[in-house]
Amino acid sequence: SSLDKFIDKQLIMVVAPSGYGKSTLVRHYFNDRPYYNKMWFPMQSKEKDDNWVWKRLCQKLGEYSEELKGKLSDTQLPQSKQELSYIVKIRQYVNDTVYLIVDDYQECASFTLDNLIMEVVDNIDNIHIVLISRILPYNIPYEAMFLKGQSVLITQQDLKLTKDEEKVIFKENEINLTAEEADLLYEHTDGWISAVYLSLYEYKTLYLSLHTFKMNNLSQGMF
């Protein structure tokens with residue numbers, strides 16, 4: 001619902017610690033809406049080589065059209081404000097709305113990519129950027145962009161499950177929680193989806209162990 005509400009923003013940031021389902025959320029959202037043009041650009045671990053990041057990004061953007069691919073194929077890493085403004089001219093080759101999804105942005109150590117994102121947000125209306133990260137980016141002035149209506153921040157508070165949603169997950173896995181059990185579960189997990197599924201696994205494992213123990217003892221006439 002948050003993505004639906006803010007999908008027209010130029011910069012959408014989904015920021016939460018590991019295990020909150022950030023990438024899964026975004027992937028399912030766009031997979032369920034095939035009419036959106038999307039490009040998935042995963043950052044690699046501790047990616048510090050600006051030239052390599054730029055090369056990969058150009059290749060990804062080039063998937064939009066052969067015309068854009070040809071335009072970007074010979075471009076070098078922009079080093080100055082003037083060079084960045086030249087790159088922004090690619091907007092004339094982007095006729096449709098495109099979502100560039102940058103996953104694991106916490107791995108990015110490239111100031112150039114930070115600056116490029118800001119230039120795109122300010123100057124290319126047809127390219128929307130979705131940043132998925134475990135931490136807030138240091139060098140992108142998202143607060144100023146928020147005040148200008150360009151950006152939105154989706155946090156772990158938006159991704160947390162409610163108590164009723166946790167009960168539904170257990171029910172779908174054939175476990176009906178009592179009100180007391182639901183309270184204890186929510187107190188333990190605080191809506192963190194990874195902890196919910198771990199609790200579900202532990203619950204089912206314990207139930208299966210107890211059931212097996214009981215059936216074995218029944219077969220031996222102990223009950």
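Linking Ile, Leu, Val, Met, Phe, Trp and Tyr whenever their side-chain heavy atoms come within less than 4.5 Å leaves I140 and V26 in two separate clusters. Both L72 and L100 are assigned to one and the same hydrophobic cluster, defined by single-linkage of ILVMFWY side chains at heavy-atom distances under 4.5 Å. Taken together through direct or relayed side-chain contacts under 4.5 Å among Ile, Leu, Val, Met, Phe, Trp and Tyr, M118 and M43 form part of one hydrophobic cluster. In this structure, I101 is not a member of the same hydrophobic cluster as I90, with clusters built from ILVMFWY side-chain heavy atoms closer than 4.5 Å. I129 and I87 fall within a single hydrophobic cluster, where Ile, Leu, Val, Met, Phe, Trp and Tyr are joined by side-chain heavy atoms under 4.5 Å apart, directly or via other members.
In this structure, W40 contributes its side chain and V102 its backbone to no donor-acceptor pair below 3.5 Å. Checking side-chain atoms of S133 against main-chain N and O of V15 turns up no donor-acceptor pair under 3.5 Å. Remark: side-chain polar atoms of K71 are not paired, donor with acceptor, to backbone N or O of K89 under 3.5 angstrom. K167 contributes no side-chain N or O that, together with a main-chain N or O of L177, makes up a donor-acceptor pair within less than 3.5 Å.
Within a 6.0 Å radius of CD in Q92, more than 12 heavy atoms belonging to other residues, nucleotides or ligands are found. Shown here is E165, whose CD atom has more than 12 heavy atoms of other residues, nucleotides or ligands within 6.0 Å. Shown here is K60, whose NZ atom has more than 12 heavy atoms of other residues, nucleotides or ligands within 6.0 Å.
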message: One pair to check against side-chain contact (heavy atoms from CB on, under 4.5 Å): F41 and L57. What are the steps and the verdict?
response: CA-CA 7 Å; F41 184 71; L57 182 60; 4.1 Å; yes
task: Could you go through the side-chain contact (heavy atoms from CB on, under 4.5 Å) check for K69 and Q59 one step at a time?
output: CA-CA 7 Å; K69 181 178 180 180; Q59 290 175 341; over 6 Å; no
task: Go through R56 and Q44 one step at a time and tell me if the side-chain contact (heavy atoms from CB on, under 4.5 Å) criterion holds.
output: CA-CA 11 Å; R56 288 206 306 117; Q44 298 171 356; 3.8 Å; yes
Residues Y29, D4; criterion side chain to side chain donor-acceptor pair (under 3.5 Å); working and verdict: CA-CA 9 Å; Y29 180 86; D4 265 334; 2.7 Å; yes
Derivation of the side-chain contact (heavy atoms from CB on, under 4.5 Å) call for K38 and N31: CA-CA 10 Å; K38 63 181 182 297; N31 285 346; 3.8 Å; yes
- request: Let me see the working for D122 and Q150 under side chain to side chain donor-acceptor pair (under 3.5 Å), right down to the final yes or no.
  value: CA-CA 8 Å; D122 282 335; Q150 296 174 312; 3.1 Å; yes
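Applying the salt bridge (Lys or Arg N to Asp or Glu O under 4.0 Å) rule to pairs touching residues 168-185 yields K163-D183, sequence neighbours excluded. The ring-ring contact (aromatic ring centres under 6.0 Å, His included) analysis of residues 82-108, with sequence neighbours excluded, yields the pairs F30-Y99, Y36-Y99, Y99-H128.
Rounding to the nearest 0.5 Å places OG of S199 at 8.0 Å from CD of E166. Taking NZ from K55 and CG from D49, the interatomic distance works out to 10.5 Å, rounded to the nearest 0.5 Å. If you take CG on L153 and CG on D158, they are separated by 8.0 Å, rounding to the nearest 0.5 Å. A distance of 4.0 Å separates CG in L3 from CD1 in I154, rounded to the nearest 0.5 Å. Within the model, atoms CG of L131 and CG of L113 stand 8.0 Å from one another, a figure rounded to the nearest 0.5 Å. A distance of 9.0 Å separates CG in L159 from CD1 in I193, rounded to the nearest 0.5 Å.
Across all their heavy atoms, V98 and M39 have their closest contact at CG1-CE, 3.2 Å. Of all heavy-atom pairs spanning S23 and I132, the tightest one is OG-CG2, 3.9 Å. The nearest pair of heavy atoms linking W54 to T75 is NE1-O, 3.5 Å. Scanning both residues, M145 and L11, for their nearest heavy atoms gives SD-CD2, 3.7 Å. N95 approaches Y64 most closely through the heavy-atom pair N-OH, 3.1 Å. Nearest approach of K9 to G149, heavy atoms of both residues: NZ-O, 3.2 Å.
Between the side chains of Q106 and D104, at least one donor-acceptor pair of N or O atoms lies under 3.5 Å. Side chain to side chain, N126 and T97 fail the donor-acceptor criterion of an N or O pair below 3.5 Å. Counting only N and O atoms by type, the side chains of Y203 and N173 include no donor and acceptor under 3.5 Å apart.
By the side-chain hydrogen bond (donor to acceptor under 3.5 Å, both in side chains) test, N123 is found to be paired with E119, residues two or more places apart in sequence or in another chain being considered.
In this structure, R27 does not pair ionically with D32, as no charged nitrogen and carboxylate oxygen lie closer than 4.0 Å.
None of T155, D190, T189 except one satisfies the side chain to side chain contact (heavy atoms under 4.5 Å, CB included) rule with K160; the exception is D190.
At a threshold of 4.5 Å between non-hydrogen side-chain atoms, the residues I127 and V94 count as touching. Using a 4.5 Å cut-off on side-chain heavy atoms (C-beta onward), D114 and Y138 make no contact. Considering only heavy atoms from C-beta on, F170 comes within 4.5 Å of V196 through its side chain. With a 4.5 Å cut-off on side-chain heavy atoms, R91 and V88 count as touching.
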